[in-house]
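In what follows, a structure is listed as structure tokens, so that the remarks can point back to it.
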Amino acid sequence: MNHSPNISPISCAELDWQQVDGVDIPVSKQFGDVYFSKANGLLETRHVFLNGNDLSERLAQLADGEQFVVGETGLGTGLNFLALWQLWQNVRPNNNSRLHFISVEKYPLSQADLARALSTWDELAPLSKRLIESYPFALAGCHRIRFDDERISLDVWFGDASECFPLMQSHRPVNAWFLDGFAPSCNPELWQEQIFQHIMRLSAQGTTFASFSVAGVLKRALQSYGVEITRPKGFGHKREMLKAVWKKTDDQIQNDSQYNNHSTQRKVAIIGAGIAGLTTAWTLAQRDIAVTLFEQDQPLAGGSGNPLAMLNPKLCSMDKVATHLMTTSWQYALRFYPQFDAFQAMQIEQIHDTKNHEKKINEVLSLQDYPKDILALTQHDAEQSTILLKQAGVLSPHQFAKQVLVHPLISLIQKKITQLEVCDDQQIRLYNQDDNKAEEFSDVIVCNAMDLNRLFPNTPKLKPIRGQVTWTNFDETDFNATDINRADLKTPLENSKKNTAYSFGGYASPMQDNQTPQLIFGASFLPTDDQTNLRIEDHQHNFQLLQQYQPELAERISDNPKDWQGRAALRAQTADYLPLIGRSERISPNIYLFAGLGSKGFLFAPLCAELIVSQMLNDTLPVPSNLAYLLRPDRFKIKPKNQS
Ligand SMILES: C[S@@+](CC[C@H](N)C(=O)[O-])C[C@H]1O[C@@H](n2cnc3c(N)ncnc32)[C@H](O)[C@@H]1O
């Protein structure tokens with residue numbers, strides 16, 4: 001497999017609007033074609049794509065735990081997805097079946113154009129509202145959006161289909177395709193052999209295909225793979241449409257059961273209740289999978305237990321966003337955390353020291369290409385640059401943990417797991433320190449940071465990095481006029497200092513402790529130091545950094561160390577600064593590693609949890625395959641013990 005491909009930066013759709021019978025019809029300037037039929041787009045979608053794939057019948061028959069996957073070429077206005085969601089609401093069985101939708105889009109509509117295009121469909125309004133609210137930033141790559149209360153999820157890949165499809169990875173085939181994407185005469189690039197190769201790679205016998213087009217290229221390509229085509233009556237004045245199936249043989253019908261991993265039959269354990277364990281437990285529980293979470297101490301006793309966590313990514317240049325873990329994780333985190341009251345949207349002022357550092361200057365300048373609603377370069381000279389990241393936030397970890405742990409499917413057990421044993425039937429037996437009574441699980445996710453190497457000596461060595469944060473009361477007099485209702489704040493307030501955090505090599509953020517305004521700042525960074533005692537010199541280091549970069553904030557707190565509180569903890573770091581995510585062939589297929597998050601645990605954890613759960617359930621991965629490959633735990637050579 002070639003692991004180097006990427007998805008090129010994207011541009012948004014340029015639209016003309018035509019009024020037909022009082023309805024706003026979007027027309028693509030790039031392709032010179034309408035997004036949906038002028039006669040009635042919603043009826044056309046139902047006729048061609050939903051009925052063309054027999055979806056009413058197929059969705060209604062889904063068994064408990066079964067997942068149905070629909071693929072599409074061209075998300076456009078999202079009308080097809082919303083019509084499918086509405087059908088799903090009407091026919092879905094009352095069990096734990098799920099629907100997943102995957103679509104690619106080369107020219108995403110802006111959020112405003114999306115809202116305008118969808119405003120036509122009154123009956124879809126509640127669903128449109130949810131899609132518009134969670135619509136991704138206009139950045140290349142895979143954007144997973146989950147609507148867990150509806151048992152429906154969506155992967156929107158922004159980028160050219162020819163670059164996105166090769167990076168999709170799934171053990172579960174697409175069951176039905178919506179071959180949309182404008183008429184082949186307006187858009188020949190989409191209907192190329194290379195793209196069909198991937199459509200078929202992601203399909204299996206039994207997969208169906210529907211399109212409004214019966215163009216020769218489409219028919220010939222499908223037929224070359226043995227897909228059987230029929231041409232029923234098209235929508236409105238159209239004579240024909242395409243309805244096709246990749247026929248199954250009898251033994252393949254029996255094999256279908258391999259994809260239906262009945263989640264209710266799984267018994268899952270997670271070791272470690274830090275941010276990795278908590279986000280994974282939540283991600284599983286939201287899929288109706290019960291989880292036992294083992295923790296030797298209190299939840300968040302390790303590196304994730306500071307009073308505040310800041311979602312402060314170091315973004316990469318636009319040509320790398322699709323496969324850059326920090327940038328993709330930051331976007332997913334901003335969709336994940338707002339479901340918790342523990343989250344507060346904030347903007348972050350990032351100061352970059354660029355003195356005598358040409359590489360850093362170029363890094364900062366490369367960020368200027370980001371959409372203006374994401375970030376702005378507010379000051380730049382040879383010494384220093386400041387970037388205002390408008391889309392960020394902070395989280396109260398302890399409030400987050402509380403909400404996770406009251407989930408009825410998550411049980412917390414305070415015990416130290418001392419040993420794991422793989423049984424002959426691949427069940428995993430867990431031994432704990434207290435009663436030495438073993439319990440068996442079908443799957444175990446190991447989220448125990450620095451303890452990973454103790455449980456599994458054959459895993460890549462994690463290095464400790466000591467970090468201490470400092471907090472103290474903060475004088476807000478004349479600091480900011482706007483009062484903020486934290487719980488309501490899901491997008492950052494602009495021009496509000498109370499709603500701004502700061503990053504400058506260290507970081508600082510306002511926070512509240514029982515209505516008392518405080519400032520938290522830090523953190524020291526001491527590689528290979530594995531002690532967690534509080535130290536005055538770490539406090540002083542944090543304060544000096546604050547004085548140097550944010551003197552206005554430093555003046556608003558006491559400079560007497562006696563007034564400072566703090567906490568020191570260890571971050572677990574891999575040699576390449578990327579976490580270890582997934583199965584290790586050196587251990588067992590049913591044991592998953594989730595460790596080495598370093599100082600970016602809160603940013604990485606939601607997407608990495610989604611990735612590990614998708615791997616466990618053999619679902620479509622939420623990231624490009626080459627990014628998942630970079631994170632695999634077996635990427636490092638392990639020295640045999642006697643050489644180390
Ligand atoms: C007819 S519209 C899709 C309508 C859409 N399914 C809906 O429900 O509104 C076709 C879409 O395909 C997209 N598209 C065309 N060529 C593409 C390509 N090579 N890669 C990805 N998307 C493409 C277009 O930008 C456009 O949004």
Side-chain angles (χ1 to χ4, degrees), residues 7-18 23-50 52-53 70-87 101-110 113-121 124 127-128 131-132 135-136 138 140-143 154-168 176-196 198-199 210-213 215 217-218 235 238 241 322:
I7 304 173
S8 311
I10 51 162
S11 11
C12 279
E14 293 169 26
L15 302 184
D16 278 328
W17 295 88
Q18 284 181 11
V23 172
D24 252 347
I25 306 275
V27 183
S28 162
K29 283 193 194 173
Q30 280 108 338
F31 294 98
D33 199 357
V34 286
Y35 278 75
F36 43 74
S37 162
K38 290 181 187 171
N40 185 321
L42 182 53
L43 292 184
E44 180 192 37
T45 290
R46 288 185 186 135
H47 179 81
V48 175
F49 296 112
L50 305 186
N53 282 297
V70 175
E72 181 187 52
T73 48
L75 179 77
T77 68
L79 176 61
N80 289 346
F81 169 67
L82 295 174
L84 173 66
W85 187 352
Q86 186 191 43
L87 174 71
F101 189 81
I102 305 169
S103 192
V104 291
E105 180 50 62
K106 180 174 182 171
Y107 298 116
L109 267 65
S110 69
D113 281 341
L114 187 79
R116 179 169 173 188
L118 292 176
S119 65
T120 300
W121 317 110
L124 298 177
L127 307 185
S128 307
L131 178 65
I132 294 162
Y135 194 60
C142 176
H143 307 274
L154 165 66
D155 284 348
V156 184
W157 289 73
F158 282 162
D160 194 298
S162 64
E163 294 180 334
C164 295
F165 276 130
L167 293 172
M168 290 181 193
W177 282 97
F178 296 177
L179 299 179
D180 206 345
F182 295 129
S185 53
C186 305
N187 188 15
E189 279 85 33
L190 184 61
W191 306 112
Q192 308 246 10
E193 169 56 21
Q194 184 249 1
I195 291 186
F196 277 106
H198 285 285
I199 288 179
S211 180
F212 60 88
S213 168
V217 280
L218 203 66
F235 176 72
K238 287 198 179 149
M241 58 169 265

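Just so you know, these numbers use all the heavy atoms, side chains as well, and skip hydrogens, waters and symmetry mates. Counting starts at 1 for both ligands and their atoms, in listed order.
Ring geometry for H47 versus F235: interplanar angle of 30 to 60°, hence tilted. Between Y35 and F182, the ring-plane angle classifies as perpendicular under the 30° and 60° cut-offs. Note: F49 and F212 have perpendicular aromatic rings, judged against thresholds of 30 and 60 degrees for the angle between ring planes.
By the 4.5 Å heavy-atom criterion applied to side chains, E72 and F81 are not counted as neighbours. Counting heavy atoms from C-beta outward, L79 and T120 have side chains that stay 4.5 Å or more apart. Between T77 and F36, some side-chain heavy-atom pair lies under the 4.5 Å cut-off. Using a 4.5 Å heavy-atom cutoff, the side chains of N80 and V70 are not in contact.
Residue, atom and distance of the protein heavy atom nearest to atom 20 (N) of ligand 1 are A161 N, 2.8 Å. Protein heavy atom nearest atom 16 (N) of ligand 1, with residue, atom name and distance: N187 ND2, 2.8 Å. Closest to atom 21 (C) of ligand 1, if we only count protein heavy atoms, is K106 N, 3.2 Å. Of the protein's non-hydrogen atoms, the one nearest atom 4 (C) of ligand 1 is D180 OD2, 3.3 Å. Scanning all protein heavy atoms for the shortest distance to atom 8 (O) of ligand 1 gives N80 N, 2.9 Å. When only non-hydrogen protein atoms are considered, atom 7 (C) of ligand 1 lies nearest to L75 O, 3.3 Å. Protein heavy atom nearest atom 12 (O) of ligand 1, with residue, atom name and distance: G74 CA, 3.2 Å. Summary of contacts: the protein heavy atom closest to atom 25 (O) of ligand 1 is E105 OE2, 2.5 Å.
Considering all non-hydrogen atoms of both residues, Q194 and P166 come closest at NE2-CG, 4.0 Å. In this structure, D113 and A13 approach most closely via the heavy-atom pair OD2-O, 4.4 Å.
Considering backbone and side-chain N/O atoms, L190 never comes within less than 3.5 Å of an N/O atom of ligand 1. Residue V34 has no N or O atom closer than 3.5 Å to an N or O atom of ligand 1.
For ligand 1 and G78, the ligand atoms under 4.0 Å from any heavy atom of the residue are 7 (C), 8 (O), 9 (O).
Counting heavy atoms closer than 4.0 Å to ligand 1, residue E72 contributes side-chain atoms (C-beta onward) but none from N, CA, C or O. Contacts of F81 with ligand 1, taken as heavy-atom pairs under 4.0 Å, are absent altogether.
When W191, F49, Y107, F182 are ranked by how near their heavy atoms come to atom 26 (C) of ligand 1, first place goes to F182.
Heavy atoms of G181 come nearer than 4.0 angstrom to ligand 1 in at least one pair. Not a single heavy atom of A117 sits under 4.0 Å from any atom of ligand 1. Put simply, no part of F178 is less than 4.0 Å from ligand 1, judged by heavy atoms.
For the side-chain contact (heavy atoms from CB on, under 4.5 Å) with L84, the qualifying choice from T45, L50, N53 is L50, the only one to do so.
Ring centroid separation for the pair Y107 and F158 does not come in under the 6.0 Å cut-off.
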